[in-house]
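Just so you know, ligand 1 is whichever comes first in the structure, and atom 1 is the first atom listed for that ligand. Nothing fancy with the numbering, it's 1 onward along the sequence.
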Amino acid sequence: MDVYDSLGVSPIINASGAVTRLGGAPMPATVLEAFSEAAKQWAPIEQLQAAASKMIAQVTGAEAGLVSSGSAGALTLGAAAIMTGYDLGRMEQLPHADDFPNEFVVAREHRSGYDHAVRAAGVRFVEVGFNEIVAGAGVRRTEAWEYEAAFTGKTAGVLYTYGSHAHPPLEEVVAMAHNHNLPVLVDAAGELPPRANLMLPTITGANLVAFSGGKAIRGPQSTGILCGSRDLIAAAALQMLDMDDHWDLWEPPAEFIDKQKLKGMPRHGIGRALKVSKEEIVALVTALAVFASSDLASKNETHRKNLELIADALHGTDATCELIESDDHEKLPLLEIQAAPHASTSAMEVCRALRQNTQPIYVGHGKLEEGKLVINPMCLDRDDAEIVGLAIARELG
Ligand SMILES: *Cc1c(COP(=O)(O)O)cnc(C)c1O
């Protein structure tokens, strides 16, 4: 591809899915068209965000939504919104938040590198529960009462990392927090599909939920979604939008930002560094509509055929292939390739060699310690799958 060649960068074959390091998911043609159409004209960003909010609300059942700079950007904005509400003084102080409630209670087992985005807003974490099972030192996971026991006058909210095995159940944590009038911010960045998870704010009552726009939704890699209660979304938007206007001229759409609730015009907020462009907003909204209505089951059928092609190419080798399919037909199938235990090249070495291939191939590296390569079909077409199969067969000897 010329654009990459001219920069002296070789495009790769991505067999590890929508990972950020490799550029995320492929955008469908309709999304790319929407992106370039949007780039040809200008539109006030707050009006675009208000329109996006309506569309996100329809799809998620939440009161409102915001297109953010990735799920990480959504987490920073969500944390900021929870700490400030419509308070202009607090907005101006962030990320210095020690003068008002800025503690988020979080289960130790819900911590991840991504929560730096929450801390970036000025949040301090109060950890509860233990990671006893991982430590091999106990049998119990975090329990809902542990959250309640940690709530104090300094508590601003709760951070919850959602997943199909997340514990305690989100509903229980939400109920506990709401008993104390505390909001819950949920990181559900990679938890789509199943599309049913789009309804998390409605189903669980969580106040704010963050999704990635550049993973399965297949919008621009740099986008995300924050959805939830109207006032919190407004507070998040106020801290991201460019505020260089006159109070008397400024007319944000009332259903998106209630000007009546403001004592004046905020300055550029902590999220000003997390801006999204008109093209990104239009493309994300387009991608979300496509994702919400697409036939994921039949797409997965194509993905499965591509994975079978790779497995077939490995027939003559000592490796064993396992097609991993979920009961949930919306979830991507994966192929796990287990190098033979006595193999002369380890999975790690095969992974490295594939990256050094004439056309570099990046495979999923999450199970290398178990001696497995994981193939995610999301960014592979049939030709790619053939190349990947042959290359792995060669490396496995
Ligand atoms: C991918 C991911 C993020 C970051 O999402 P971006 O859209 O890349 O900012 C945050 N949290 C979790 C759990 C993720 O998987």
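Taking 4.5 Å as the limit, every side-chain heavy atom of Leu380 sits out of range of all side-chain heavy atoms of Asn14.
A salt bridge between Glu103 and Arg124 is absent, with no side-chain N of the basic residue lying under 4.0 Å from a carboxylate O of the acidic one. Classification of Asp115 and Arg119 as a salt-bridged pair holds, one side-chain N sitting under 4.0 Å from a carboxylate O.
Proximity to Thr20 (heavy-atom distance under 4.0 Å) selects the following atoms of ligand 1: 8 (O). When each atom of ligand 1 is checked for a heavy atom of Gly70 under 4.0 Å away, the hits are 7 (O), 9 (O). Those atoms of ligand 1 with a heavy atom of Ser212 less than 4.0 angstrom away are 5 (O), 6 (P), 7 (O).
By the criterion of a heavy-atom distance under 4.0 Å, the side chain of Ala189, and not its backbone, is placed next to ligand 1.
Protein heavy atom closest to atom 13 (C) of ligand 1, with residue, atom name and distance, is Asp187 OD2, 3.5 Å. Distance from atom 9 (O) of ligand 1 to its nearest protein heavy atom, with residue and atom name: Ala72 N, 2.9 Å. Atom 15 (O) of ligand 1 has its closest protein heavy atom at Lys215 NZ, 2.9 Å. For atom 10 (C) of ligand 1, the closest non-hydrogen atom of the protein is Tyr114 CG, 3.2 Å.
Each of Glu146, Glu109, Glu132 was compared with Arg141 under the salt bridge (charged side-chain N to carboxylate O under 4.0 Å, His left out) criterion, and only Glu109 meets it.
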**Request:** Report the C-alpha separation of Thr345 and Glu395 in whole Å, then their side-chain angles, then the decisive distance to 0.1 Å, and conclude whether the side-chain hydrogen bond (donor to acceptor under 3.5 Å, both in side chains) test is met.
**Result:** CA-CA 8 Å; Thr345 26; Glu395 294 307 331; over 6 Å; no

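The two residues Gln338 and Glu370 make their nearest non-hydrogen contact at NE2-O, 2.9 Å.
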